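Throughout, protein chains are lettered first and strands after them, A, B, ... in sequence-line order, and every chain is numbered starting at 1. Note that this is a predicted model, so its numbers are computed, not measured.
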2 protein chains.
Amino acid sequence: MDKKKNISMAVIKRLPKYHRYLRELMENDIDRISSKELSEKIGFTASQIRQDLNNFGDFGQQGYGYNVKELYNEISAILGLTKIYKTVIIGAGNIGQAIANYTYFDKVGFSVQGMFDINPKIIGLKINDVEVLDIDFLDDFLRKDNIDIGIICVPKNSAQKVCDMLIRNKVKGIWNFAPVDLQIPEDAQIVVENVHLSESLLTLSCLMNDDIN
Amino acid sequence: MDKKKNISMAVIKRLPKYHRYLRELMENDIDRISSKELSEKIGFTASQIRQDLNNFGDFGQQGYGYNVKELYNEISAILGLTKIYKTVIIGAGNIGQAIANYTYFDKVGFSVQGMFDINPKIIGLKINDVEVLDIDFLDDFLRKDNIDIGIICVPKNSAQKVCDMLIRNKVKGIWNFAPVDLQIPEDAQIVVENVHLSESLLTLSCLMNDDIN
DNA sequence: TAGATTGTTAATCGATTAACAATC
DNA sequence: TAGATTGTTAATCGATTAACAATC
């Protein structure tokens, strides 16, 4: 079971896609699939699929392929989706609200426990049943409520300050939407995942200008 | 100048970060930097930085380093930021509104020409001075207005339909926020960049459960 | 049993890093 | 000129693909 060590980032980045396609197969009542068939759907080579999955154990069966439901459960477990994560959203503007309203996140185990903002016009609003609190309460809230994940949706100038507070309160993960690279102390036991929208848009425009094709 | 061929995706994905750090340096009135100094800021190795930049030309000077403003301009050009892109946003929910309100995009040349939605409660709203139109007008609008980029912010079930319409109307790029992999015909001259938020979140939770550390 | 498909090793390909001559 | 730092080649490292024996 604990074959799980030294998994490369390349593999980890592909796992959510496996998860999504397997869920789709389940919804279509398909209960078995070969690496070749999956390859055609998902766009990775069959060889890569088998390599990827073998990082975690022997999930398949020769001559048969993979049991969809079983594989889905295994990958869910690898992705850490067998527990509930308590999250807070800091910054309740459009992005913060978008995340709070996205039911999928709740469905896979990410529960929004609190939302925080600095803007008096936003404080007090209820977004998907969660009231937006004054950001002054964040420190207390984190200390008391054992929050797992902080979702940073504030402007870039305040992102590091929020990050520091999250680290100080032993949050385990940060999902960062601010367009900065957060500074994390060497010894902090925390994982950061960035969503840099502007970098994504610039990638698009770069590809649009690539003379290739 | 047209050394620009066969640039790997790995390099392209790093360019926006160079762009961001160089802008920051300019804002701080720093006008020259070596690959070593930049390395310390940006977190890529000095060697990699020199390799990356050399894909596009000889931007540096032995014994001196790189001129910040010059390099910034070169990278802006490579990223295709020397022109204005006409964009439309399809789906004016939280995500669509977030993008419409993000002034940075406008600043680097992405101009929102139209927003579209199917929800009568949203149609007619003005988001950052752009009126949300009924999605029935999208086809016409695309045909007439020479739109460069379609930004898909609709739910996953309608994303492919929107995508098809964008392709039919010769849009050159798609920025896709719907959690699906869009099907693009082989012969379509179009570039797609995905922002799959759910995949990003699952990556975070996977890393949080990695026994590594 | 015969056919299918995995798990896994070996080969290939590509990306990153190291090293250093060229040169400002 | 001497020192610094690039541009670029060669070495290393890692990821992907191909191949096939194992086996269901």
Take a 6.0 Å sphere around CD1 of B:I118 and say whether it holds more than 12 heavy atoms from other residues, nucleotides or ligands. no
Rounded to the Å, how far apart are [X] [atom1] and [N] [atom2]?
| X | N | atom1 | atom2 | result |
| --- | --- | --- | --- | --- |
| B:F56 | D:dT6 | CZ | P | 17 Å |
| B:R32 | D:dA4 | CZ | P | 11 Å |
| B:D58 | C:dA21 | CG | P | 19 Å |
| A:E74 | C:dG7 | CD | P | 11 Å |
| A:Q51 | C:dT12 | CD | C1' | 13 Å |
| A:Q48 | C:dT6 | CD | P | 15 Å |
| B:F59 | D:dG7 | CZ | P | 9 Å |
| B:N67 | D:dA4 | CG | P | 21 Å |

With a 4.0 Å limit, can you tell me whether [X] has a side-chain N or O closer than that to the phosphate oxygens OP1/OP2 of [N]?
| X | N | value |
| --- | --- | --- |
| B:S47 | C:dT16 | no |
| B:R50 | D:dT6 | yes |
| A:Y66 | C:dG7 | yes |
| A:T45 | D:dT17 | yes |

**Asked** Does the B:N194 side chain pair with the main chain of B:H196, one donor and one acceptor, at a distance under 3.5 Å?
**Response**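 Such a contact is absent between B:N194 side chain and B:H196 backbone.
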Shortest side-chain distance from [X], nucleotide among [options]:
| X | options | result |
| --- | --- | --- |
| B:Q62 | C:dA22, C:dG7, C:dC20 | C:dA22 |
| A:Q61 | D:dC24, D:dT8, C:dT8 | D:dC24 |
| A:S34 | C:dT6, C:dT17, C:dC20 | C:dT6 |
| B:S35 | C:dA15, D:dA10, D:dT6 | D:dT6 |

Dump the intermediate steps for salt bridge (Lys or Arg N to Asp or Glu O under 4.0 Å) on B:D148 and B:K83, then the final yes or no. CA-CA 11 Å; B:D148 299 297; B:K83 41 187 121 166; over 6 Å; no
As its Watson-Crick or G-U partner within any shown strand, both distances under 3.5 Å, D:dC24 has C:dG3
Please give the nucleotide sitting opposite D:dA18 as a Watson-Crick or G-U wobble pair, both distances under 3.5 Å, or none.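 Result: C:dT9.
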| With a non-hydrogen cut-off below 4.0 angstrom, is B:F44 in contact with a base, only sugar-phosphate, or nothing? |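 Nothing, no heavy atom under 4.0 Å.
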With ring-ring contact (aromatic ring centres under 6.0 Å, His included) as the test, would you mind laying out the steps for A:Y72 and A:Y18 before giving the verdict? CA-CA 8 Å; A:Y72 177 81; A:Y18 288 120; over 10 Å; no
(message) Checking A:Y104 against A:F110 for the ring-ring contact (aromatic ring centres under 6.0 Å, His included) test, could you report, in this order, the C-alpha distance in whole Å, the side-chain angles of both residues, the deciding distance, and whether it holds?
(response) CA-CA 9 Å; A:Y104 168 81; A:F110 300 87; 8.5 Å; no
